[in-house]
Amino acid sequence: MDDIIDFSSDLVIFGALGDLARRKLFPALYQLERSGLLPGKSRILALARRQGTTAEVRTQLAKDLRQAIPADELSDESLAALLARVEYHRLDFKEASDFAAVAQWRGGSDNALIVYLATPPDLYGVIARNLRTAGCCNQQTRVVVEKPIGHDLESSRGINDQLADVFNEDQLFRIDHYLGKETVQNLIALRFANNLFSSQWDQNHISHVEITVAESVGIEGRWGYFDQAGQVRDMIQNHLLQLLCLIAMDPPADLSADSIRDEKVKVLKALRPITPDILETHLVRGQYSAGTSSGRAVPGYLEEEGANRCSTTETFVALKVEIENWRWVGVPFYIRTGKRLPEKLSQIVIHFKPAPHYIFDPDQKHLAHNKLIIRLQPDEGMTLQILTKDQGLDKGMRLRQGPLELTFSEAFANDRIPDAYERLLWEVMKGNQYLFVRRDEVECAWRWVDGIIANWKGRGAPLKRYAAGTWGPVASIALITRDGRSWYEDTGY
Ligand code: BG6
């Protein structure tokens, strides 16, 4: 347990009445409070542009939290304890003189100062400068920022430069909330604590890898933002590439933030650029049209509220990614992500190569390889598909695939799986950066993604339609069957 050290902090949330803070941050803080992880001295300063008093904001937060927290996790006592820590101030983020309120609130506090920028990224720079001018920050201040860090490499550099003007890299905590998910973290344990897997984790033993991050929801009132971004910027540049890095990276020397991030950067640098000559075989862009979701009719992307009917923004993307290094040469990573797919599912499937010499029934040769299925959400856990002999006198040596199953909710029945933001906030309070993205990671990811976007713009990579409630355009099936393989859910093997 880490609570021997005092992690008391003054948490200042810019954009405290926004969607992110209300949906994610305050529920996470509530859970930390309930778990006894918020030290007694910790305080929260909520800042937003809206007029309001501390009492009004506490009432609003209480209402939000009562809705967001499952009934069996709701404790009046913890709720009251959390709200008692919260003070609200109205602040114009661009007005330097307003920041005196932050300095005043800090007073002589010796708590670590954590600044959470739950605002659009174009405000990061000005807030950072105003904090400095108001004398609020020192070398120990930690700053948490959300994606998107820019729209491309150039804009991300601009944002990073503005932050670097005020803070050192070791003060910056760039969130990719996928890194806070319990099962994503577990990838590190799975790979580096089990020699069974680490000894098999390369091109000698693995034939290919699938990464799927599917969502059943559509755009959920975010059309304006999403249409500027698209699925490649919104999901691939960050979450999918982070997953890919955790699967593909070499073993870090230790668990320190830089050891892990150094290894991830090496993977990003080894990604084969998706150049015009391979665009057609390596990339599929899709956009959903009307269809069904959970049994009800839903509109297409172009019919969503606020939509520009001519948009060519992708809501689905599938990529064949190749990593040009010794470990992964010849092992494609098929990755796909989309909105309005049949279900919410994040899953990684590692396909192992078959045994070198096959001696069983030739008809069953397609079965003869192990698979590791890692379910990130929902139903967190993993399944190792192994081959055994089918039982019965009449079965001879016929093979059967069977699962070695680990479902976390069953195996660790009493342990609640914390939400990503709980873990991330907790790690910031401890000052641990290993679950946060370093500047060079963000920039390497943008460099690769920018290349893809520039090439598809140049070639006009066609946008394929798919009906809402399906697994994406037919072309995404061709992307993998062309190599004699199929997506896991199509065959189950
Ligand atoms: C966000 C994207 O970063 O991740 C959203 O902007 C997406 O478009 C969300 O819906 C998915 O997160 P999760 O945790 O629900 O898989």
Side-chain angles (χ1 to χ4, degrees), residues 15 18-25 27-28 31 68 116-121 144-152 156 159 173-187 211-246 285-288 293-294 298 301 304-307 311 313-317 335-348 374-380 408 417-425 435-437 441-442 445-446 449 468 472:
D19 195 50
L20 172 74
R22 289 171 62 182
R23 270 191 326 110
K24 293 289 185 188
L25 303 187
Q31 296 290 5
Y116 201 118
L117 302 182
T119 66
V144 188
V145 293
E146 279 283 337
K147 71 171 262 271
I149 309 284
H151 190 71
D152 54 17
S156 79
I159 293 169
F173 292 70
R174 294 181 192 82
I175 285 202
D176 181 315
H177 77 278
Y178 267 57
L179 293 180
K181 291 182 191 268
E182 186 82 11
T183 34
V184 173
Q185 269 205 300
N186 218 342
L187 294 174
I211 305 178
T212 297
V213 176
E215 293 182 86
S216 54
V217 293
I219 296 309
E220 307 286 282
R222 295 194 307 155
W223 212 93
Y225 155 75
F226 187 85
D227 199 59
Q228 293 300 310
Q231 198 72 355
V232 169
R233 291 189 176 96
D234 188 48
M235 296 293 288
I236 298 275
Q237 188 272 343
N238 36 75
H239 309 322
L240 277 279
L241 282 185
Q242 284 295 330
L243 294 180
L244 181 133
C245 284
L246 291 174
R285 297 171 65 233
Q287 188 187 76
Y288 64 86
S293 177
S294 308
V298 292
Y301 179 70
E304 296 276 12
E305 202 186 323
S311 168
T313 296
E314 78 287 348
T315 60
F316 173 97
V317 60
I335 68 178
R336 64 183 168 162
T337 177
K339 310 279 185 219
R340 282 280 184 241
L341 300 187
E343 57 186 305
K344 181 163 179 71
L345 170 83
S346 299
Q347 176 174 276
I348 298 169
I374 307 167
R375 296 182 304 278
L376 304 177
Q377 60 183 19
D379 195 21
E380 291 85 346
F408 295 150
I417 297 183
D419 179 71
Y421 278 90
E422 289 169 47
R423 177 172 309 285
L424 294 171
L425 280 168
L435 293 181
F436 298 85
V437 187
E441 276 181 85
V442 178
W446 273 125
V449 160

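For ligands, and for the atoms within them, numbers begin at 1 and follow the listed sequence. The first residue in the sequence is number 1, and the count goes up from there.
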Visitor: Applying ring-ring contact (aromatic ring centres under 6.0 Å, His included), name anything that partners Tyr178, two or more places apart in sequence or on another chain.
Guide: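 Applying ring-ring contact (aromatic ring centres under 6.0 Å, His included) to Tyr178 gives His239.
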
Visitor: Just to be sure I understand the cut-off, which residues have at least one non-hydrogen atom under 4.0 angstrom from an atom of ligand 1?
Guide: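 Answer by chain and number: Lys147, His177, Tyr178, Lys181, Glu215, Arg222, Asp234, Met235, His239, Lys339, Lys344, Gln377.
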
Visitor: Can you name the residues that form a side-chain contact (heavy atoms from CB on, under 4.5 Å) with Pro418, not counting sequence neighbours?
Guide: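 Partners of Pro418 under the side-chain contact (heavy atoms from CB on, under 4.5 Å) test: Glu182, Arg416, Glu422, Arg423.
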
Visitor: Would you check, one step at a time, whether the test salt bridge (Lys or Arg N to Asp or Glu O under 4.0 Å) holds for Asp234 with Lys147?
Guide: CA-CA 9 Å; Asp234 188 48; Lys147 71 171 262 271; 3.1 Å; yes

Visitor: Could you tell me which residues satisfy salt bridge (Lys or Arg N to Asp or Glu O under 4.0 Å) with Glu380, sequence neighbours excluded, listed by chain and number?
Guide: none

Visitor: Contact between Gln287 and Glu314 at the side-chain level, heavy atoms closer than 4.5 Å - yes or no?
Guide: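 Counting from C-beta outward, Gln287 and Glu314 never come under 4.5 Å.
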
Visitor: Among Val317, Val232, Ile335, Thr212, exactly one meets side chain to side chain contact (heavy atoms under 4.5 Å, CB included) together with Leu240. Which residue is that?
Guide: Ile335

